[in-house]
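For ligands, and for the atoms within them, numbers begin at 1 and follow the listed sequence. Being a predicted model, the structure only gives us computed values, none of them experimental. Below, each value reflects all heavy atoms present in this structure, side chains not excepted, and no hydrogens, waters or symmetry copies.
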Amino acid sequence: MTERLFLSPFKGIVGKRPPWWMLRQAGRYLPEYWEVRNRAKGFLDLCFTPELASEVTLQPVRRFGMDAAIVFSDILVIPHALGQKVGFVQGEGPKLEPIAVDRLEARGVGERLNPVYETIRRVREGLPAETALIGFAGSPWTVATYMIEGGSSREHAKVKHHALSDPLSFARLIDRIVTSTVDYLRRQADAGVDALQLFESWAGVLSEPMFRQWVIEPTRRIVDGIRATHPKMPIIGFPRAAGAMIAIYAEETGVDAINLDQMVPLGWASAAMPTKVLQGNLDPLVLVTGGQTLDDEVKRILDAMAERPFVFNLGHGVVPETPPENVARVAELLKARG
Ligand code: CP3
């Protein structure tokens with residue numbers, strides 16, 4: 001099989017340049033995304049139509065030649081498959097209907113997401129042999145925040161109150177998300193992904209005890225669950241904005257790699273997590289700004305990580321305002337290194 005550069009850091013190999021891809025590399029900043037998006041009835045319909053979802057997955061790779069594609073789907077397909085109504089309102093983000101935790105049915109969730117595995121198989125056929133494919137899911141705490149808050153939230157007051165005042169009910173919710181996510185990710189692995197990423201976008205809002213209980217423990221269970229059937233599958237964790245807890249998360253969940261947000265000092269991350277692959281760190285707004293600022297930041301990150309296993313990426317997702325030519329510039333800067 002062709003060597004996939006994306007996988008070399010996971011084997012401890014440090015080459016002339018690191019592999020790269022970008023969080024949310026498929027999406028609204030690309031005109032060709034809108035062309036396909038407008039053919040679907042809605043965002044979830046796009047995620048569940050393999051013909052369209054695979055096309056959207058391939059678009060950024062075709063244009064920019066990243067070393068990895070990430071399957072086009074969303075972390076909120078799990079609440080949807082658990083039976084909660086999920087809608088995406090243009091300009092407002094996701095809207096989820098209120099739920100009774102004990103009415104959620106975790107069994108059968110894996111099958112209900114069959115279109116995602118079909119997308120994976122189609123993308124694999126359409127990708128160059130040297131390009132890796134990444135599967136993903138939300139981590140339980142982050143998925144639960146959307147399920148309880150009913151959408152995006154700043155303070156997370158409702159979900160924190162639920163976890164603090166009725167920990168048994170909250171544990172049952174987290175348990176259902178863990179079980180269905182393990183099932184979902186194993187099936188993604190069987191469909192042919194090269195690595196899996198767990199998105200904990202709201203890792204940064206919890207006290208240490210709550211972080212241990214609701215971020216580390218459930219994530220560790222997912223990692224163990226995947227390893228039980230797919231012992232070699234590289235797993236990337238993304239505990240966004242979790243500060244000093246990031247290194248504890250890395251150690252205790254057992255993930256192979258950590259996606260760093262743009263707030264993490266690279267010297268600290270390298271020293272605190274010497275055995276982990278690191279990924280990320282470019283501020284998505286620097287990618288919007290472009291010019292010399294972008295060139296300087298890319299250089300700073302590449303130089304800081306030149307001697308250790310690293311995957312070049314962003315500290316959070318590409319935003320819709322991003323000029324595509326700035327992504328092309330990053331590709332050029334990386335290519336110039338070898
Ligand atoms: O290219 C890729 O990265 C693959 C697809 C992907 C999407 N969402 C597509 C998407 C991935 C990996 C995600 C992850 C995701 N989804 C996260 C974790 C990463 C993060 O950003 O913190 C979260 C929290 C979600 C939930 C979600 N989905 C929100 C809050 C929103 C609306 C606001 C926003 O950021 O756009 C979505 C919608 C969504 N997911 C879009 C895309 C391309 C935009 C939908 C559209 O086309 O209208």
Which residue pairs satisfy the salt bridge (Lys or Arg N to Asp or Glu O under 4.0 Å) criterion with at least one member in residues 155-173, sequence neighbours excluded?
D102-R172

Walk me through whether E105 and R112 qualify under salt bridge (charged side-chain N to carboxylate O under 4.0 Å, His left out).
CA-CA 12 Å; E105 177 55 88; R112 260 169 257 145; over 6 Å; no

Basic-acidic side-chain contact under 4.0 Å: E125, R121:
no

Exactly which residues line ligand 1, taking a heavy atom under 4.0 Å from it as the test?
R24, Q25, A26, R28, Y33, R37, F43, I70, V71, F72, S73, D74, I75, F88, Q90, G93, P94, F136, Y146, S152, F199, S201, H316

Salt bridge (Lys or Arg N to Asp or Glu O under 4.0 Å) pairs touching residues 49-61, sequence neighbours excluded, are E55-R62

Counting only heavy atoms from other residues, nucleotides and ligands, does the tally under 6.0 Å from NZ of K16 exceed 12?
no

Under the side chain to side chain contact (heavy atoms under 4.5 Å, CB included) test, which residues partner E332, sequence neighbours left out?
R329

